> 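Sharing a structure below in structure tokens format, with a few things to ask.
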Number of protein chains: 2
Amino acid sequence: MSQVAARAGVSVMTVSYTYNRVDRVSAESREKVLQAAAELGYAGPDPAARSLRYGNTRTLGVILGEHLTYAFDNPQAVTFLAGIAEVCADRGYGMLIVPIAGGAEDSLRVSEVAVDAFIIWTTTDDDPVLDAVSGSGRPAVIHGGPVRAGFKLVSIDNRAAAFAMGMKTFAGAHRPAILSFPLDSSRKTVLAAGIDPDTVRFPVTRQRLLGYRDAIEALGLDWNDVVVGATATNNEGEARSLAETMFALEQPIDAIAAMSDDLALGVLDAATSAQLTVPETLSVSGWDNSRASALHQLSSVAQNLRAQGALAARLALGEEPGLAPDDWSVVVRASTGEPATQRTEHGNTPIRRMGANREPFVRSDGLS
Amino acid sequence: MSQVAARAGVSVMTVSYTYNRVDRVSAESREKVLQAAAELGYAGPDPAARSLRYGNTRTLGVILGEHLTYAFDNPQAVTFLAGIAEVCADRGYGMLIVPIAGGAEDSLRVSEVAVDAFIIWTTTDDDPVLDAVSGSGRPAVIHGGPVRAGFKLVSIDNRAAAFAMGMKTFAGAHRPAILSFPLDSSRKTVLAAGIDPDTVRFPVTRQRLLGYRDAIEALGLDWNDVVVGATATNNEGEARSLAETMFALEQPIDAIAAMSDDLALGVLDAATSAQLTVPETLSVSGWDNSRASALHQLSSVAQNLRAQGALAARLALGEEPGLAPDDWSVVVRASTGEPATQRTEHGNTPIRRMGANREPFVRSDGLS
DNA sequence: CTGTTAGCGCGTTCAA
DNA sequence: TTGAACGCGCTAACAG
């Protein structure tokens with residue numbers, strides 16, 4: 001910039017004004033500056049120097065769980081991102097995906113990143129990245145959990161939603177099962193009965209397990225008999241093989257609540273192969289009310305992740321909107337054997353709402 | 001940092017060394033510094049100041065087409081992003097999504113963003129954002145096109161791929177049609193015959209139209225009779241209604257090549273409603289070989305967008321890998337009426353490869 | 001309308 | 001092993 005000033009025969013401030021306060025510069029000077037800039041290939045004020053000077057970056061940092069590689073394979077995370085992007089585009093804020101790779105250097109990355117605030121897609125309770133975010137002293141909004149002092153939370157009440165869907169899915173079942181997200185960071189595939197939800201370090205997964213357990217108990221069934229299958233990733237194929245194993249058990253499973261539509265679709269697939277009729281001999285439910293769930297008449301928990309992303313972004317920007325702008329609902333379709341009380345046309349599925357939040361949608365404190 | 005130094009009773013440089021060159025500081029001083037930092041709530045060197053000093057940001061800028069809002073709804077763009085993310089996570093680079101909202105301020109945003117290089121998801125030939133990127137003087141890699149001096153290009157040969165798929169889709173057809181991405185930035189829904197591909201400002205769309213036209217002509221059909229439908233977005237529902245219109249034409253369409261699997265699935269849907277049998281009375285093909293395409297026995301052009309994203313990131317980082325690491329192929333399934341020469345099991349579909357690139361995969365010059 | 005001064009927070013250079 | 005000086009490029013505040 002000083003070079004431009006020299007070449008234009010003006011002071012540095014005139015150059016600065018040319019880019020920032022056009023009205024404070026005479027047309028004549030402006031011309032000279034622009035000319036000199038063009039000749040020197042000067043592209044305007046350096047963003048890094050500006051950030052330093054202004055003390056802000058006009059950028060939001062987004063931390064996508066424990067490992068970036070899986071994040072984009074997860075349609076839920078992507079929808080959430082779309083919501084953030086919407087707000088960022090509107091406000092002219094950059095959206096910086098923080099390079100989290102599951103290693104020790106992740107914390108370093110968090111503190112090395114030039115952003116004004118963080119938005120965190122749900123991770124484990126004890127993820128060291130969360131400490132790094134706290135330590136950075138910058139505002140943070142977390143989606144799903146864990147709840148942390150100083151972090152704002154955007155989440156539906158997963159426990160209540162799982163309970164509501166569990167009541168639909170497990171009604172009349174004798175041998176219910178659950179298809180879960182990973183139970184810990186090792187992401188090992190697991191198939192076991194009587195799992196203690198409180199040992200699970202992923203808050204969203206834990207809350208959903210607790211909700212399903214609530215339903216199991218409300219229906220007079222024994223949680224210790226309930227088989228929980230956990231897949232390494234949110235993958236339909238993996239769900240299919242896990243479901244096949246479930247069908248081959250001595251007392252075959254007759255109801256499966258899955259934590260995502262992808263997993264549930266894998267179950268439907270396995271059911272077809274095993275010649276089980278849905279919902280007569282197998283009741284199935286998913287989560288997130290995807291297009292595919294509508295297409296396959298799969299009952300599913302609906303929530304608006306895009307709106308949640310947008311809300312998280314507004315909170316991160318300190319815009320502090322009102323609370324509870326969104327909610328969850330249970331969409332009942334044929335897969336859980338309810339009488340179809342509504343037309344469920346392909347691509348135009350009316351949604352039946354039921355259940356209500358026990359907790360406010362946005363919290364900045366509380367227990368998980 | 002100077003405050004920390006004062007409190008620790010050392011010089012500023014000792015503090016700096018504590019964070020950057022641990023070996024140049026005695027354990028004793030280090031202790032004092034860390035102590036002081038903790039007391040003051042100092043979170044380590046400021047990223048913005050660091051970028052200024054180092055002259056780089058360790059961040060890649062990603063420009064997702066003309067408007068950020070649509071980008072995350074596009075599974076192809078998301079897959080490409082996943083590839084970029086993979087490389088960024090590995091190298092510890094941030095990935096900054098530039099807030100493009102379709103307005104005049106977009107160019108400003110590009111120059112205001114603190115990144116070392118840009119990766120651009122395909123846009124129109126005349127998008128002013130491209131000028132802003134050029135003007136910024138930072139390296140840029142563009143996916144799909146347009147080709148520009150100074151920009152590296154990562155792309156398959158869309159024209160060749162469209163030709164190959166056109167030959168399959170239109171073989172034996174009397175009344176072929178094309179379901180296209182938008183023809184211009186207005187994104188108006190269009191249904192017309194004899195469209196001149198060269199008027200289309202989206203390079204990828206243009207190349208594919210050219211390739212389909214090549215096939216039409218190679219098959220002895222008249223391009224002026226070929227109906228092209230263009231949807232406003234990559235949306236299955238929109239494709240369905242456009243297909244329905246096509247089926248209602250005086251001379252009903254008997255072959256449709258679609259530029260995405262989503263669009264093709266909309267066609268299949270409409271065909272079912274119209275009681276058309278595929279492929280006997282209607283031949284259909286899609287693009288990108290999605291899971292859904294395999295599920296619905298839809299012929300599709302396969303390409304590895306994730307690998308292309310990773311390649312684009314490596315090129316942007318100046319790692320200059322070898323050329324042509326990937327390729328496209330035509331996956332023939334039942335929807336184009338070829339005799340099924342392979343088992344096409346659900347979720348485990350073998351891919352028949354055919355066709356070859358006419359151009360190298362990576363180019364940094366050439367015509368579009 | 002334009003110029004001068006000062007400092008954002010850091011790290012390289014050179015000296016001690 | 002540590003310190004002092006300097007400048008990375010920019011802009012707020014205050015002259016003029």
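The basis for the numbers below is simple: all heavy atoms, side chains too, and nothing from hydrogens, waters or symmetry mates. Note that the coordinates shown come from a computational prediction; the quantities given were computed from them, not determined experimentally.
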> In whole Å, what is the span from the CZ atom of B/Arg53 to the P atom of D/dA5?
17 Å
> Looking for any heavy atom pair under 4.0 Å, which part of the strands does B/Tyr19 touch: base, sugar-phosphate only, or nothing?
nothing
> Please confirm whether the shortest side-chain N or O distance from B/Thr14 to OP1 or OP2 of D/dT2 is below 4.0 Å.
no
> Atom CE of A/Met13 to atom C1' of C/dA6: distance rounded to whole Å?
12 Å
> So what does B/Ser2 hit on the nucleic acid, given a heavy-atom distance under 4.0 Å: a base, only sugar-phosphate, or nothing?
nothing
> Of B/Leu52 and B/Val12, whose closest DNA chain D nucleotide lies nearer the 5' terminus?
B/Val12
> B/Ser11 side chain N/O closer than 4.0 Å to the phosphate oxygens (OP1, OP2) of D/dA4?
no
> Are A/Ser29 and C/dT2 close enough that a side-chain N or O sits under 4.0 Å from OP1 or OP2?
yes
> Specify the separation, in whole Å, of atom CZ of A/Arg50 and atom C1' of C/dC8.
15 Å
> Regarding A/Arg50 and B/Glu112, does a basic nitrogen lie under 4.0 Å from an acidic carboxylate oxygen?
yes
> Take atom CD in B/Gln3; do more than 12 heavy atoms of anything else shown fall under 6.0 Å from it?
no
> Within less than 4.0 Å of OP1 or OP2 of D/dG9, is there a side-chain N or O belonging to B/Tyr54?
no
> Nearest-nucleotide wise, let me know which of B/Tyr42 and B/Arg24 is further upstream toward the 5' end of DNA chain C.
B/Tyr42
> Would you kindly give the CZ-to-P distance between A/Arg30 and C/dT2, to the nearest whole Å?
12 Å
> Rounded to whole angstroms, how far apart are OH on A/Tyr17 and C1' on D/dG16?
12 Å
> Quick one, A/Asp131 with A/Arg148, criterion salt bridge (charged side-chain N to carboxylate O under 4.0 Å, His left out). Give me CA distance, side-chain angles, the key distance, then yes/no.
CA-CA 10 Å; A/Asp131 297 325; A/Arg148 278 227 170 185; 2.9 Å; yes
> Measure from CG on B/Asn20 to P on D/dT1 and round the result to the nearest Å.
16 Å
> Examine A/Phe72 together with B/Phe72 and report whether their ring centres are nearer than 6.0 Å.
no
> Within less than 4.0 Å of OP1 or OP2 of D/dT2, is there a side-chain N or O belonging to B/Ser26?
yes
> Within this structure, what is the CE-to-C1' distance between A/Met1 and D/dA12, rounded to whole angstrom?
12 Å
> Students often get this wrong, so: under 4.0 angstrom with heavy atoms, is A/Asp23 touching a base, only sugar-phosphate, or nothing?
sugar-phosphate
> Check the orientation of B/His143 and B/Phe80. Use parallel for under 30°, tilted for 30 to 60°, and perpendicular for over 60°.
tilted
> Which residue lies toward the 5' end of DNA chain C, B/Ser16 or A/Val25, if each is placed at its nearest nucleotide?
A/Val25
> What is the distance, to the nearest angstrom, from the CD atom on B/Glu112 to the C1' atom on D/dC10?
13 Å
> Could you check whether A/Arg21 gets within reach of a base, just the sugar-phosphate, or nothing at all, counting any heavy atom under 4.0 Å?
sugar-phosphate
